[in-house]
There are 4 protein chains.
Amino acid sequence: MDPKSPQPWRNRLHEIIYEADTPKGKVFDVVLLFFILLSVVLVALESVPSINSSYKDFFHWAEWCITILFSVEYLLRIIAVKKPWRYITSFYGIIDLLSTLPKYVAIFFTGTQSLIALRALRLLRVFRILKLTRYIGESNTLVRALVASRAKILVFMFGVLILCIIFGTIMYLIESDASGFTSIPRSIYWCIVTLTTVGYGDIAPTTNLGQFIAAIIMILGYGIIAVPTGIVTAEFADQNRNLDTNTQACPECMNDQHKDEAVFCHACGARLNHE
Amino acid sequence: MDPKSPQPWRNRLHEIIYEADTPKGKVFDVVLLFFILLSVVLVALESVPSINSSYKDFFHWAEWCITILFSVEYLLRIIAVKKPWRYITSFYGIIDLLSTLPKYVAIFFTGTQSLIALRALRLLRVFRILKLTRYIGESNTLVRALVASRAKILVFMFGVLILCIIFGTIMYLIESDASGFTSIPRSIYWCIVTLTTVGYGDIAPTTNLGQFIAAIIMILGYGIIAVPTGIVTAEFADQNRNLDTNTQACPECMNDQHKDEAVFCHACGARLNHE
Amino acid sequence: MDPKSPQPWRNRLHEIIYEADTPKGKVFDVVLLFFILLSVVLVALESVPSINSSYKDFFHWAEWCITILFSVEYLLRIIAVKKPWRYITSFYGIIDLLSTLPKYVAIFFTGTQSLIALRALRLLRVFRILKLTRYIGESNTLVRALVASRAKILVFMFGVLILCIIFGTIMYLIESDASGFTSIPRSIYWCIVTLTTVGYGDIAPTTNLGQFIAAIIMILGYGIIAVPTGIVTAEFADQNRNLDTNTQACPECMNDQHKDEAVFCHACGARLNHE
Amino acid sequence: MDPKSPQPWRNRLHEIIYEADTPKGKVFDVVLLFFILLSVVLVALESVPSINSSYKDFFHWAEWCITILFSVEYLLRIIAVKKPWRYITSFYGIIDLLSTLPKYVAIFFTGTQSLIALRALRLLRVFRILKLTRYIGESNTLVRALVASRAKILVFMFGVLILCIIFGTIMYLIESDASGFTSIPRSIYWCIVTLTTVGYGDIAPTTNLGQFIAAIIMILGYGIIAVPTGIVTAEFADQNRNLDTNTQACPECMNDQHKDEAVFCHACGARLNHE
């Protein structure tokens, strides 16, 4: 923050809106989160026919208030940042625009009104505000474990998809006369529903052979759920183990993997160098 | 237990009702548990129309017996404890009241009768009585592992909820014409049903795009079930590993929790006594 | 096997029927398993109306053949064993009787015929025959891990049941007007269906509050499936780890946890005593 | 690749088609994968009645193009390889034939057309092409963990099947009057649907006893999903732990796989060189 900057108010604005470390920034983020939650709850309640018919006017005004508030916030964000285009074309920038624009467009064109529900995407900002809280360490561990096992999980999901396409196609050949399996994409959809053990029952095999293959798919799905679980668990176990021991080696015997609170080497009794 | 207490019978009552270490306290807890189970079974059976119509009188008397029994127990609990209000306003105190009051109120007002089913909440007392048994160690391990991973699980459930709100809103926009997705809250409900792989099938997407997004939600739900599993498993594995550290204390500094292979104390460098 | 036993044929019979280590015993067990499987397949096929109507005579004769065969086996088992009552009153003895008796009784009384399907219980004998195969080690590991975590799993299942009773009762109060929740036992059944993420959809909440609580139960069920998984996994991991390192300590530095193939201590270089 | 081979073009063809290490081989594999994906998408879209009726001609020609392309590839594969019969009778050889033949046969006989959907099986070739990518390490870990736990998983699935047969038979006896449980095989199918927590709801118990046993099956299924998970997770954890052993070889005996903290070689007792 250069005090000789020509626009100190802009710097302060940037501090409040984009930074979460200063007290004012924290307050701004919490207030923003409150209004995002409020807007999501309002949109959700408005979609319930019985509630909407009773409080039509209230929803009308409340939504305009929030739309204007979010519009102001959007404009302030553009003003405060040095490279506005970077913000506007960023993921959050597009979401922020989408959460206000449909309301204005709906004045001229009907039908775009319902797109305002996309405001729910603003909830993703919560993950940024989460950084404020004491849960930051926990969520970091979660994210790190997921990132570390990302490649394995992608290979697994890819394999599951191939399996679903193959089994879905086979089921289409077997069950094509039955009511549910009207096309291969729908058969693949059914196969995903079955393999993931969701099992709606809107499409279900009725022939003997179809039920036999469905049983195989189910047992397969029941068994291979172990794979992502195994991947992530092994990653978590790794991270827990690494947290317990530090990487510093004993100056005498080179033994590492001492406990964090260790003062002396547990193998040769020499004093450890502590930072 | 001061023998010179002005009310020794009250102390003895407290010992019987609130403590589970003395023989009499154990007997009281087991008898109480029996009557709680009996009352839950009675309420459950009474709710079955065919059984209720045949044994209406029996249920009537049995319920009054149990209600009076529980009322006496409630009064004794108030008498026995030194700070009655603390018990009355405690969680168990409110449940205890709720399990007797509706019966009395039902004499004057109809309709409150069914609230007697809240008696089932008294079953939570089982967890206290569990402490009596040889399973205490096991349940402690369970509870400790869950407590240790509480923060991680909360962050995870919070993320799942955000996901469900966002996907539920999107599905409402896509599927609003179909029968099931009548409002955003209902769409979010469907999303939870799908993501947790429950899959009732009372609400199910019918459009192609809806089924495509549903398939993504399912595979997501199938994959991220690995996260809580990984969290809890790593915690259990940790607790099992802590069993690997031996309980022997250092002869110099009394520090325990050395690794099994440790030769020297990791806190003061003294040689450990090995068996 | 005393050669001077008064009934050497009885000893040999016992060897063939009850022991699985001798060649003849192995042959007997495999032949028996084949006939058990055959009988189960026959009973299953007979229950299919379309197949039964076409091959009624074949099933009639095949079933009598197998019944007589199993009866002969049952009598031989009684003769061969020294304490017949112990066998007759044992779990397998009762199952063996139940798999033949209904057929004879059905000559005089109709209606008992279908009980012959209990023959499927004889499949449990497979687990004994499994001991013959190279899978014995694997199934032992499985069984050992399950036995070691038995107490924890029991506590967990007990907790799940209590949860289901409480939530089932609450849902009965909320949803009693809806079609599915006709009694508390049925509500508890629904709660188990939901918590275990099975989700038939034959009973499903329709009120807003009911769906809200159902969502909580689902997320709970989705989360606490981690608990048995964590228990069993930690047990498996323990057993795998123990297999890798032997418990023998180094004669010089007392370090244990050497790898199985280790010849020298990895901490001080002394030669290990190998058995 | 012997340069003096009488048919150098055949060697080069073999290099392009069967090997994935050379630049040309890589290009061929990627192009082939593209056409396999295209053919699967075409077959899937063609099965959708509304799309098929609009673009009937396009699908007709596109399919003939791909069929001819695949036929040429099939012939080239036969020419390029030294032992053609070995390829023709191999798993991939039969799939490759099945993905072209039905189209030709359909000229003379109607009805075989739909078998062209078996082309989806060619997607299995993806797993071979996966070797090209940076994911090879990840998929190897996955495969190795699954192979290592294969025997345990087989024993488990075998046990699950026995359980399903027994419970299915029992449910047939209890629920035979209800609509869904019309035969034992169908009851076993229902039992698999329930135990794997899929739960379609097309067959669901309606009697009290049936629902009680169904509840037991569900809790069982909810609990024993822990077993495959535990097996695979322990295997993954093992493989991650093996990464803890460093790759440095002993200067004396070349033995690697020492523990990270090892100071002396555990095979010959020589001091290890530490970085």
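Letters go in sequence order (proteins before strands), and every chain restarts at 1.
Geometrically, B/Arg122 does not engage B/Tyr92 in a cation-pi contact defined by less than 6.0 Å to the ring centre and at most 45° from the axis.
Most heavy-atom pairs under 4.5 Å with chain A, from the set B/Val232, B/Thr229, B/Leu173: that is B/Leu173. Counting heavy-atom pairs closer than 4.5 Å to chain B, the top residue among A/Ala44, A/Pro228, A/Gly221, A/Ala120 is A/Ala44.
Scanning for side chain to side chain contact (heavy atoms under 4.5 Å, CB included) contacts around A/Val48 gives A/Ser50, A/Ile51, B/Ser183, B/Pro185, with sequence neighbours left out.
Scanning all heavy atoms of the two residues, the minimum distance from A/Ser187 to A/Met171 falls at OG-C, 4.4 Å.
Neither the backbone nor the side chain of A/Leu37 comes within contact range of chain B; no heavy atom of the residue lies under 4.5 Å from a heavy atom of that chain. Heavy atoms closer than 4.5 Å to chain B are found in both the backbone and the side chain of A/Leu121. If you measure heavy-atom distances from A/Val40 to chain B, the contacts under 4.5 Å come from the side chain alone. A/Ile188 does not touch chain B: none of its heavy atoms, backbone or side chain, sits under 4.5 Å away. If you measure heavy-atom distances from B/Val198 to chain A, the contacts under 4.5 Å come from the backbone alone.
No more than 12 heavy-atom neighbours from other residues, nucleotides or ligands sit within 6.0 angstrom of CZ on B/Phe212.
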* To do: For side-chain hydrogen bond (donor to acceptor under 3.5 Å, both in side chains), just list the numbers for B/Tyr172 and B/Thr182, CA-CA rounded to whole Å, side-chain angles, deciding distance to a tenth of an Å, and then say yes or no.
  => CA-CA 8 Å; B/Tyr172 171 70; B/Thr182 53; over 6 Å; no

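Aromatic ring pairs are classed by plane angle as parallel below 30°, tilted from 30° to 60° and perpendicular above 60°; the pair A/Phe156 and B/Tyr222 is parallel.
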